[in-house]
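Heads up: numbering here begins at 1 and tracks the sequence. Atoms within a ligand are numbered from 1 in the order they appear, just like the ligands themselves.
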Amino acid sequence: MSLSTWALRAGYRGLRAGMFRYAGGDAERVHEAMISLLAKAPAGARGRVADPITVAGIRFPNRVGLAAGLDKDGLAAQAWARFGFGFAELGTVTVLAQPGNPKPRVFRAMSSEGIINRMGFNNRGAAELAETLRAKGVARGNQALGIPLGISIGKSKVTELEAATQDYLTSLRLLAPYADYVAVNVSSPNTPGLRSLQAAGELAELLGALTGEAAALSARRPVPVFVKLAPDLEGTDLRETVAVINDSRVAGVIATNTTLSRHGLLPADRHLADEAGGLSGRPLTARALSFVERLAATTQLPVMGVGGIMSPADGARMFDAGASLLQLYTGFIYEGPALVRGIQELRRPL
Ligand SMILES: Cc1cc2nc3c(=O)[nH]c(=O)nc-3n(C[C@H](O)[C@H](O)[C@H](O)COP(=O)(O)O)c2cc1C
């Protein structure tokens, strides 16, 4: 780690102590305050061009992105390039605006460097995100905010599972003009039944419809569709899911979402183990890594590696496992922008 990145890390650690105590330690209120602050940040920063790569026809200035869920409504979309990210995945949004689950619904497992969340896709809806991005000057491919933007779409809670495809299709139509790629979220544990869409039959129908619609919207240059998987998918189920993905026209896979397992929670955080929701961060590191290794062995498609990347070394291991691009959520909360830089420095000293 360079001296300046080390200093950035130390500075963030100092800030973090106060940040984590703000609002009586209510993680969601801290998050909301941070997003409101960043929403006011001026646009104009270019993504740090270190280690550029072209994946699915998209030119990424670097390989470290912001994971979905942190800026669901894109309110701070123009801020992410400033932190050194090479792309940002906004969302998850649903067709219908929805409040999400009752609060509290996000918990910091401090000793374990993890987060348990059951947000439940709280968001302002796909049309509102489209309008927010339009107002910021974003159009697909124009990198108006300095970096490519992915948009994650999910199923509205009130939509029956049988009608899920139509729900995703409506979001795709609304958002395709603004997204450099669309991520299909079938792996959140916090919308009842959502993960059943990862099963081979359901997934084949959903991905077929979405990639078909993407081609219908723009035959010459269909928006690339990525699919995001849960780390709890194993054995035959995983093999069948990957087979469907390999037979589809999706552009790549994002692995992984949060886990339902509580493995890796340290004794000091055991009181949180019974909180419903998905676990992320350090407790997920080994599971996400081995998932990406298994995935990379069974698909030729590009993989975005996400889950428990808490240090530059974790990032390097995720690349070694076969990921072309990385995404950060919990590591960014605990380590700040120094993690984004530190990972890039390991690949190519700045
Ligand atoms: C509070 C919170 C909200 C999240 N919301 C979403 C979401 O809306 N869509 C999604 O695909 N993933 C969501 N995630 C999952 C992250 O994008 C990521 O896949 C997961 O946390 C593992 O990465 P990490 O260990 O770096 O956090 C969320 C994670 C957290 C902690």
Proximal candidate to atom 31 (C) of ligand 1 [heavy atom criterion; set Ser280, Gly331, Ala230]: Ser280

Give the atom numbers and elements of ligand 1 that come within less than 4.0 Å of a heavy atom of Asn185. 9 (N), 10 (C), 11 (O)

Nearest-neighbour protein heavy atom for atom 30 (C) of ligand 1, which is reported as residue plus atom name and distance: Asn117 ND2, 3.2 Å

Consider ligand 1: state whether an atom of it lies below 4.0 angstrom from any non-hydrogen atom of Leu70. no

Would Asp26 and Lys103 satisfy salt bridge (charged side-chain N to carboxylate O under 4.0 Å, His left out), going step by step from the backbone distance to the final call? CA-CA 10 Å; Asp26 181 331; Lys103 297 175 186 177; over 6 Å; no

For Gly308, the ligand 1 atoms with a heavy-atom partner under 4.0 Å come out as 24 (P), 25 (O), 26 (O)

Looking only at distances, can you tell me whether any N or O atom of Gln327, backbone or side chain, sits closer than 3.5 Å to an N or O atom of ligand 1? no

Report, in ascending order of atom number, the atoms of ligand 1 lying under 4.0 Å from any heavy atom of Gly281. 25 (O)

Ligand 1 and Glu89, any nitrogen or oxygen pair closer than 3.5 angstrom? no

Atom 15 (C) of ligand 1: nearest protein contact (heavy atom, Å): Asn257 OD1, 3.5 Å

Output all residues satisfying ring pair (Phe, Tyr, Trp, His ring centres under 6.0 Å) with Phe20, sequence neighbours left out; order by chain, then residue number. Tyr334

Identify, with sequence neighbours excluded, every residue that meets ring pair (Phe, Tyr, Trp, His ring centres under 6.0 Å) alongside Tyr12. none

Do Arg341 and Arg9 have side chains that approach each other closer than 4.5 Å (heavy atoms only, starting at C-beta)? no

Going by the side chain to side chain donor-acceptor pair (under 3.5 Å) test, name the single residue among Asn257, Asn190, Asp232 that passes it with Arg195. Asp232

